[in-house]
Protein chains: 2
Amino acid sequence: MRTDEIRPKNNSTIAVEKLRDLIFSGALPAGSNHLETELAKRLGMSRTPVREAALTLEAQGLVAVQARKGVKILPISVRDMEEIYDVLTALESMAARQAAEQAYGYEDLAALAQTITDMEAALGENDRDHWAVADDNFHTELVRLGGNRRVMSTVAMMADQVRRAKAVTLYLRPLPSQSNEDHRAVLEAIAKGDPARAEEVHRMHRLEAKDTLIALLTQSRLQML
Amino acid sequence: MRTDEIRPKNNSTIAVEKLRDLIFSGALPAGSNHLETELAKRLGMSRTPVREAALTLEAQGLVAVQARKGVKILPISVRDMEEIYDVLTALESMAARQAAEQAYGYEDLAALAQTITDMEAALGENDRDHWAVADDNFHTELVRLGGNRRVMSTVAMMADQVRRAKAVTLYLRPLPSQSNEDHRAVLEAIAKGDPARAEEVHRMHRLEAKDTLIALLTQSRLQML
DNA sequence: GCATACATTAATGTATACATTGTCAAGAAT
DNA sequence: ATTCTTGACAATGTATACATTAATGTATGC
């Protein structure tokens with residue numbers, strides 16, 4: 001759960017951010033263990049805020065803290081990926097439906113439209129990294145339009161958990177050119193106020209994405225570390 | 001996220017349990033603030049494990065920790081209830097579908113059937129408390145049969161958040177006699193391996209439950225503290 | 001009399017010392 | 001040689017002392 005509210009910048013929250021960066025950058029590889037003392041030295045603070053940050057990240061499903069074994073960066077298995085994609089499918093589809101129910105105007109949908117434009121631009125330049133960022137923004141903005149804060153935080157948590165895996169697979173698969181038609185279709189359904197279509201199109205989009213990714217992972221026998 | 005794994009019984013986890021009990025029993029009323037020092041004295045331990053427990057509970061959406069204002073027991077608004085019920089509807093319906101896809105035998109479904117029997121028994125004796133427990137067990141067992149651990153933990157979190165509100169409304173509404181037919185229908189659909197029907201019946205069941213509860217809350221103008 | 005500035009205080013945030021406990025290794029006995 | 005036991009060590013878990021900071025109250029000046 002994202003606790004990105006008006007929390008002050010104490011060392012504990014700074015530790016959360018820094019540890020997240022270290023995890024996503026691969027500096028702390030999945031499956032590895034790290035003692036609290038080491039992490040504290042690395043972050044330039046005492047054990048207390050580091051320990052608190054570790055507990056927060058544990059609640060978010062990114063690490064596990066084990067006595068005398070340190071903080072373990074949780075690996076992600078294919079089974080985990082399936083679980084996460086199923087949750088994302090269910091929640092995002094509902095968000096798409098509820099977004100379409102709210103009679104948003106073009107003003108409100110500008111941000112969502114922008115992410116699609118960004119994806120198309122990135123596709124044109126064969127820029128996978130920017131495409132991934134824009135795709136992430138699309139999903140984030142979609143659930144924001146859905147208006148359910150708990151869906152937002154849950155989706156954000158799950159997206160975090162697969163972020164590292166996506167970085168690995170991003171360059172394995174063909175460029176997702178089909179994807180953009182789906183995105184536009186979802187946007188249009190929301191703009192036209194067609195909840196059933198918005199939900200269904202997005203659900204299909206998600207199911208395809210899941211199948212593609214799972215197939216890729218199973219074929220390449222990647223141990224998602 | 002339920003961290004009910006093999007975690008050792010350290011004071012930190014004990015503090016989580018005790019604080020949860022205090023919250024659910026109403027000893028710590030919703031909306032109230034409590035200083036870390038007071039809570040520590042109350043639980044018979046130092047501030048450190050109490051503070052860690054507060055952070056865990058914050059990640060679970062039960063409290064908010066604010067500098068110099070202590071640990072705030074989060075109140076639940078009608079809007080919150082709607083959000084939570086929508087998430088539960090989406091995730092539990094998917095769980096019902098996936099449970100039906102797994103060709104469970106009668107052995108596997110015995111626990112689920114038992115919760116329905118319990119609910120019927122409680123209804124017969126007009127025992128709302130036992131009915132509520134059995135109903136809780138039904139939903140827990142359903143998502144367990146779905147097989148997605150992330151759905152399990154997310155549903156458990158959301159169920160926790162509405163637990164206090166349910167205690168309030170339990171004696172306001174009429175006895176849910178209709179409910180049991182729905183439960184049996186879901187069980188049968190899973191036993192027969194009919195995913196579409198399992199999902200749809202449960203979704204309808206959830207939507208009705210939501211409408212009933214929201215209507216009740218709005219009418220009685222309950223400030224869900 | 002009101003406003004502003006400063007001081008006091010009380011609570012969180014942090015560091016560190018200490019207690020507890022599991023792990024690992026070394027040695028002895030079978 | 002292998003296994004069991006024992007002990008030292010090292011890392012977490014906990015308590016507490018200390019630093020920081022925001023809020024409140026008081027005093028002073030305008």
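Numbers restart at 1 for each chain; the letters A, B, ... are given by sequence-line order, proteins then strands. Everything numeric in this text was worked out from a predicted model, so none of it was measured.
Below 30°, between 30° and 60°, or above 60°: for A:H139 and A:H183 the angle between ring planes is above 60°, a perpendicular geometry.
If you take CD of B:E58 and P of C:dT12, they are 13 Å apart, rounded to a whole angstrom. Atom P of nucleotide D:dA22 and atom CG of B:L35 are separated by 17 Å, given to the nearest angstrom. Taking atom NZ on B:K69 and atom C1' on C:dA10, their separation rounds to 15 Å, with Å as the unit. Rounded to whole Å, atom P of D:dT12 lies 10 Å from atom CG of A:N33. Between A:Q66 atom CD and D:dA10 atom P the separation is 20 Å, expressed in whole Å. Distance CG (B:L55) to C1' (C:dT14): 13 Å, rounded to an integer number of Å. One interatomic measurement links the two molecules: CD1 of A:I14 to P of D:dT20, which rounds to 15 Å at whole-angstrom precision. Here D:dA11 presents its P atom at 11 Å from CZ of A:R68, a figure rounded to the nearest Å.
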Inset, instruction - Report the C-alpha separation of A:D86 and B:Q98 in whole Å, then their side-chain angles, then the decisive distance to 0.1 Å, and conclude whether the side chain to side chain donor-acceptor pair (under 3.5 Å) test is met. - result: CA-CA 10 Å; A:D86 284 343; B:Q98 294 183 335; 3.1 Å; yes
Legend entry - From CA spacing to verdict: side-chain contact (heavy atoms from CB on, under 4.5 Å), A:M45, A:V50: CA-CA 8 Å; A:M45 52 186 76; A:V50 171; 3.9 Å; yes
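Contact between the side-chain N/O atoms of B:N11 and the OP1/OP2 oxygens of D:dG13 is not found at any separation under 4.0 Å.
With respect to B:R47, the salt bridge (charged side-chain N to carboxylate O under 4.0 Å, His left out) criterion is satisfied by exactly one of B:E52, B:E36, B:E38: B:E36.
Scanning residues 45-53 of chain A for heavy-atom distances under 4.0 Å to DNA chain D yields A:R47, A:R51.
Counting non-hydrogen atoms of neighbouring residues, nucleotides and ligands closer than 6.0 angstrom, the OH atom of B:Y106 reaches no more than 12 such neighbours. For NZ of B:K210, the number of neighbouring non-hydrogen atoms (other residues, nucleotides, ligands) closer than 6.0 Å is greater than 12.
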